[in-house]
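What follows is a single structure, and I will ask about it in a moment.
Letters A, B, ... mirror the listed sequences (proteins, then strands); counts begin at 1.
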Amino acid sequence: MLKYGRSLSTKLLNICIASMCKAQQLMKSETVIIDGIRLGVLPDVFTYNTLIDAYCRFVSIDAGYSVLHRMKKAGIAPDVISYNSLIAGAARKCLLSRALDLFEEMLQSGIRPDVWSFNILMHCLFKLGKPDEANRIFQDVILSSVDPCPTAFNIVINGLCKSGYTSNALMLFRNLQKHGFVPQLYTYNILLNGLCKAGKLRAARGILVELRDSGHQPDAITYTTVMKYCFRYRQFHRGLEILSEMRSEGYTFDGFAYCTVIAALIKIGMIKEAEEIIEQMQRSGIEPDVVAYNTLINLYCKQGRVGDALKLLDEIEKSGLESDAYTHTIIIDGLCKAGDIEGARRHLNYMNTLGFGFNLVAINCLIDALGKEGQIDQALKLFESMEVKDAFTYTILVHNLCKARRFLTASKLLMSCLKCGFKTLRVTQRAVLDGLRDSGYTNEARKLQSKIRLARFIH
DNA sequence: TTAGGGTTAG
């Protein structure tokens, strides 16, 4: 500690603590604080707030909360930032009731919430799929004396997009503009992503033009967003054009951009090109995170190198990173595609032991593999046992039933899929209809056809 | 303190 000298002030102490907390060196921070006190430099509310935030991020809310007690004991009154840090910690982990309790405790302590307190709560509610409650808070903020900041608008516009209310988001955006709100590049990016995701490409194009006209320069996020959706909507040429425009504009590729491009190339079967970009990513010195690893594992699986994919999983676990649900579903799909159903089942069990809950994607892969291996009854059994299904589950099974020439069962399944309101692919519908007609089930084909028309009309 | 882009199955 002596290396900091005797001129150490609280301000300098806070700078040290902030950088150590950022580097997750919490024990070291504590030692520095103790040394500081010995030298007569007392921590202040800023010091404790930095610690609360770090403990909430890297340890637990309880650990953050105990810092709150410590500061009170030291005679320093917590402020709105102390509580916001705790509420944000709870919100990050989606612990809504804990966040609300902390909010209540803040009010009880006579601390007035600020716009950030509301922002954090709104974001948490949107994340938990409670857009109505988030919206209620937003209305309260608008009507109250709390001055909303651009971030509040960004959170609501983003939340509405993520909850599927893209039109409402666009409407809010326009209304805010009428009342003098000048959208930030951040706002444009949120809206652009929301509109593209919802397939509203015309509106997205309009927003992109508006973004440029308003004097903003598209940034790496704008480019990555547009590029991703070009690939998704199979405009590969345009996607690659944007890729080179992004480069010529001088944007350095980050992990997000690399993974977007690599995943798109893998998906369209341009494996060699994907390999080249992966090599570029590895050479660029970007520290791979779990998504980058997942992208690489996906490439190995698509090349049939499941063994190498498993080795990479080992590497993730040894490097201190945590694998996620994507990692394991990619591997399960890889095993399935390699025909190793038992291996896939074993990996699914392993996934469970790691604490991952039910995973629809993994089960869907397993159903497909069972069908492809000629175990269609096993696939049906698995299907029946599922409490949650989606459009993929139905489509996968319907295709496999068609391949097994069990068109009546396929037809029934397709009808219940339509009844659930899931969208089905034209190619799936055609496979069943053609199969029914070829097998002489013309009545059933007619019935299915009218259900398909009805579904198209309703949805 | 908070908010935007990346990875999986038909």
- State whether H123(A) places a side-chain N or O below 4.0 Å from either non-bridging phosphate oxygen (OP1 or OP2) of dA3(B).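 Yes, within the criterion.
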
- In terms of side-chain heavy atoms, does K162(A) have a donor or acceptor partner in N158(A) at a distance below 3.5 Å?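 N158(A) and K162(A) do have a side-chain donor-acceptor pair below 3.5 Å.
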
- Task: Figure out the CD1/P separation between I330(A) and dT7(B), and round it to whole Å.
- Result: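 Nearest whole value for this atom pair: 10 Å.
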
- Item | Sub-6.0 Å ring centroid separation between F383(A) and Y394(A) |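 Centroid distance F383(A)-Y394(A): below 6.0 Å, so yes.
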
- Task: For I331(A) and A309(A), work out which heavy atoms get closest and say how close.
- Result: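 In terms of heavy atoms, the two residues are closest at CD1-O, 4.5 Å.
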
- Query: Whole-Å distance between dT2(B) P and I137(A) CD1?
  - Reply: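 Result: 17 Å.
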
- Item | Whole angstrom value for the distance that separates P of dA9(B) from CD1 of I297(A) |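 So the two atoms are 14 Å apart, to the nearest Å.
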
- Please check if any side-chain donor atom of T151(A) sits under 3.5 Å from a side-chain acceptor atom of N154(A), or the reverse.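 Side-chain D/A pair, T151(A) to N154(A): absent.
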
- Task: Send over the distance from M227(A) CE to dG5(B) C1', rounded to a whole Å.
- Result: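 About 9 Å, once rounded to whole Å.
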
- Under a cut-off of 3.5 Å for both distances of each Watson-Crick or G-U pair, what dot-bracket string does DNA chain B give, using [ ] for crossing pairs and | for inter-strand pairs? ..........

- Figure out the CG/C1' separation between L370(A) and dG10(B), and round it to whole Å.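 My rounded result for the distance is 15 Å.
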
- Query: OH of Y186(A) versus C1' of dT2(B): gap in Å, rounded?
  - Reply: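 Roughly 8 Å, once rounded to whole Å.
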
- Aromatic ring proximity H347(A)/Y350(A), centre distance under 6.0 Å: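 Ring-ring flag for H347(A)/Y350(A): true, centres closer than 6.0 Å.
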
- OP1 or OP2 of dA3(B) sitting under 4.0 Å from any side-chain N/O of N119(A)?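 The answer is no; no side-chain N or O of N119(A) sits under 4.0 Å from OP1 or OP2.
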
- Task: Rounded off to whole Å, could you give me the CG-to-P distance for the L397(A) and dA9(B) pair?
- Result: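 From L397(A) CG to dA9(B) P: 18 Å.
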
- Message: Closer than 3.5 angstrom, by distance alone: can the side chain of N400(A) be matched with the main-chain N or O of K403(A) as a donor-acceptor pair?
- Response: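 Not at all, since once roles are kept as given, no pair shorter than 3.5 Å links the two residues.
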
- Item | Given dG10(B), dT7(B), dA3(B), the nucleotide with the shortest approach to the side chain of K228(A) |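 My answer, after comparing the listed nucleotides, is dT7(B).
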
